[in-house]
Amino acid sequence: MAAKKLLILPGDGIGVETMAQVRRIIDWLAKKRQIEFDVSEALIGGAAYDATGTPLPAETLAAAKAADAILLGAVGGPKWDNLPFHLKPERGALLPLRKELELFANLRPAVVFDALLDASTLKPEVISGLDIMIVRELTGGLYFGEPRGIETLPDGQRRGFNTLTYTTSEIQRIGRVAFDLARKRNKRLCSVDKHNVLDCTVLWREEMIKLQQAEYPDVELTHMYVDNCAMQLVRNPKQFDVMVTENMFGDILSDCASMLTGSLGMLPSASLGAVRADGGRPALYEPIHGSAPDIAGKDIANPLATILSFSMCLRYSFDMAAEADLIENAVKAVLKGGLRTADIMQPGKAKVSTTVMGEAIVREMEKLA
Ligand code: IPM
Ligand code: MG
């Protein structure tokens with residue numbers, strides 16, 4: 001069997017350092033498990049802009065389209081904040097990459113690690129054992145709807161506008177991803193909308209109900225307004241299993257959910273496209289955190305979200321559940337053993353660098369294997 005093509009896009013800031021730790025794991029898998037990936041690396045974001053004048057070079061996009069899976073570090077930083085909108089790393093690289101590969105399903109788990117229970121600002125009993133999955137639609141909705149822009153009116157005023165739009169097929173395809181996930185978990189799906197105000201989400205709710213009745217009678221479907229959902233996430237997050245929602249609602253709710261865990265530096269994500277005729281599926285994995293320019297280059301960033309993104313990649317793209325489990329168990333064991341990067345440091349624990357954390361994970365994998 002040909003080796004799976006894995007494209008690594010370290011990007012900017014701490015993305016470079018955290019990705020170096022994933023490389024250790026890839027090397028270990030090759031040496032100890034004879035699992036060889038066809039690994040290549042390309043530029044994206046500010047680093048790509050500096051080298052080529054564009055944040056998403058054609059070469060990078062072509063490599064992304066050819067890959068079986070993509071692992072992304074992070075993009076952006078103050079150095080590129082004053083570039084025109086379309087050249088900024090986020091707007092010029094991340095969003096077009098999602099759109100070009102049609103990565104419409106964004107999976108954002110929020111899981112509380114026992115060892116980090118005290119890292120959250122919420123009471124331990126509210127979050128202990130928390131394990132929810134937010135499914136965010138990623139290539140439609142308010143982020144991409146047309147018309148959009150800024151125009152000058154006859155009276156000289158300016159008017160800015162974006163459009164919230166979804167077609168039935170867009171709603172159905174994200175709905176199916178969420179229902180399928182719920183089916184593999186606790187069989188409960190909460191669809192989040194603003195049905196009392198926005199026409200587009202009236203359609204959203206109708207389509208979710210139809211889908212449940214036609215294809216997923218075994219999954220319990222509930223609905224919640226997005227404002228109430230933000231409140232419920234903080235009040236009693238364990239009421240949720242899987243949630244599915246519009247692009248921008250999901251952007252906001254997933255930041256909220258990630259902070260329940262107290263450790264943004266711990267959370268991975270997956271962005272998936274449609275399954276192709278050959279069974280493959282475009283997929284991009286990345287940590288939820290950004291490029292953290294303030295701590296970049298100091299070897300103090302937490303590499304665990306990037307490492308866990310790689311484990312999601314093994315699980316969802318490469319069907320390697322055993323290896324994914326091994327990585328996740330190693331992360332849990334290392335945390336239990338008391339090692340912490342600065343962002344999750346707690347009294348009585350040992351503060352370690354990015355590199356030492358990466359080495360510790362590999363050592364633990366060796367032990368557990
Ligand atoms: C995210 C980020 C991006 C988004 C930004 C960087 C464009 O906030 O992935 O959640 O808004 O989708
Ligand atoms: Mg966001």
Side-chain angles (χ1 to χ4, degrees), residues 9-15 18-19 44-49 54-56 60-61 64 70-110 132-145 148 162-166 170 174 177 192 226 229-230 233 243-261 263-273 282-294 296 305-306 308-309 312-313:
L9 304 173
D12 305 318
I14 61 169
T18 61
M19 202 59 86
I44 194 166
Y49 175 80
T54 159
L56 183 61
T60 300
L61 185 59
I70 304 162
L71 198 59
L72 175 72
V75 297
K79 185 174 172 201
W80 306 283
D81 273 352
N82 296 322
L83 288 175
F85 213 32
H86 70 284
L87 291 177
K88 280 193 192 179
E90 297 85 351
R91 181 61 198 270
L94 207 51
L95 295 187
L97 189 61
R98 289 173 180 170
K99 193 70 183 169
E100 285 281 339
L101 297 178
E102 224 20 67
L103 301 169
F104 67 91
N106 185 209
L107 279 43
R108 298 194 163 185
I132 60 183
M133 175 72 90
I134 297 187
V135 180
R136 167 188 176 194
E137 202 290 330
L138 201 61
T139 52
L142 197 55
Y143 269 49
F144 291 96
R148 61 190 299 168
N162 289 87
T163 307
L164 175 56
T165 149
Y166 277 110
E170 284 176 313
I174 192 70
V177 170
V192 180
V226 62
C229 181
L233 266 176
M243 304 158 81
V244 62
T245 193
E246 188 269 340
N247 200 340
M248 172 140 187
F249 294 168
D251 179 45
I252 297 168
L253 293 177
S254 63
D255 261 32
C256 178
S258 68
M259 221 36 222
L260 299 174
T261 71
S263 42
L264 206 55
M266 297 292 302
L267 297 178
S269 74
S271 302
L272 307 175
L284 179 144
Y285 300 86
E286 63 182 312
I288 293 217
H289 64 67
S291 58
D294 52 322
T306 310
L308 291 169
S309 298
M312 267 186 117
C313 171

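Hydrogens, waters and symmetry mates are skipped; everything else that's a heavy atom, side chains included, is used. Whatever order the structure lists them in is the order used to number ligands and atoms, beginning at 1. The shown structure was predicted, so the numbers you read here are calculated from the model rather than taken from an experiment.
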Please check if the number of heavy atoms outside D294 that lie under 6.0 Å from its CG is greater than 12. yes
Distance check, rounded to the nearest 0.5 Å: [X] atom [atom1] versus [Y] atom [atom2]?
| X | Y | atom1 | atom2 | result |
| --- | --- | --- | --- | --- |
| I132 | I134 | CD1 | CD1 | 5.0 Å |
| T165 | E170 | OG1 | CD | 6.0 Å |
| E100 | L95 | CD | CG | 12.0 Å |
| S271 | E286 | OG | CD | 5.5 Å |

In this structure, does ligand 1 have an atom that sits under 4.0 Å from one of the heavy atoms of E286? no
Consider ligand 1: state whether an atom of it lies below 4.0 angstrom from any non-hydrogen atom of M248. no
Distance-only, no hydrogens or angles: does the T139 side chain make a donor-acceptor pair with backbone N or O of L103 under 3.5 Å? no
Please write down residue, atom name and distance for the protein heavy atom closest to [atom].
| atom | answer |
| --- | --- |
| atom 8 (O) of ligand 1 | D251 OD1, 3.3 Å |
| atom 11 (O) of ligand 1 | Y143 OH, 2.5 Å |
| atom 7 (C) of ligand 1 | E90 CB, 4.0 Å |

Below 4.0 Å, non-hydrogen atoms only: which portion of H289 touches ligand 1? Side chain, backbone, both or neither. neither
Scan the protein's non-hydrogen atoms and note whether one is under 4.0 Å from atom 5 (C) of ligand 1. no
Ligand 1 and R108, any nitrogen or oxygen pair closer than 3.5 angstrom? yes
For R98, counting its heavy atoms only, list the atoms of ligand 1 lying under 4.0 Å from any of them. 1 (C), 4 (C), 9 (O), 12 (O)
Looking at R136, which atoms of ligand 1 are within less than 4.0 Å of one of its heavy atoms? 1 (C), 4 (C), 9 (O), 10 (O), 11 (O), 12 (O)
Would you check if L72 and I44 make a side-chain contact, meaning some heavy-atom pair closer than 4.5 Å? yes
Name of the D251 atom (N/O/S only) found closest to the Mg ion (ligand 2): OD1
Looking at D251 and R136, does any basic side-chain N land under 4.0 Å from a carboxylate oxygen? yes
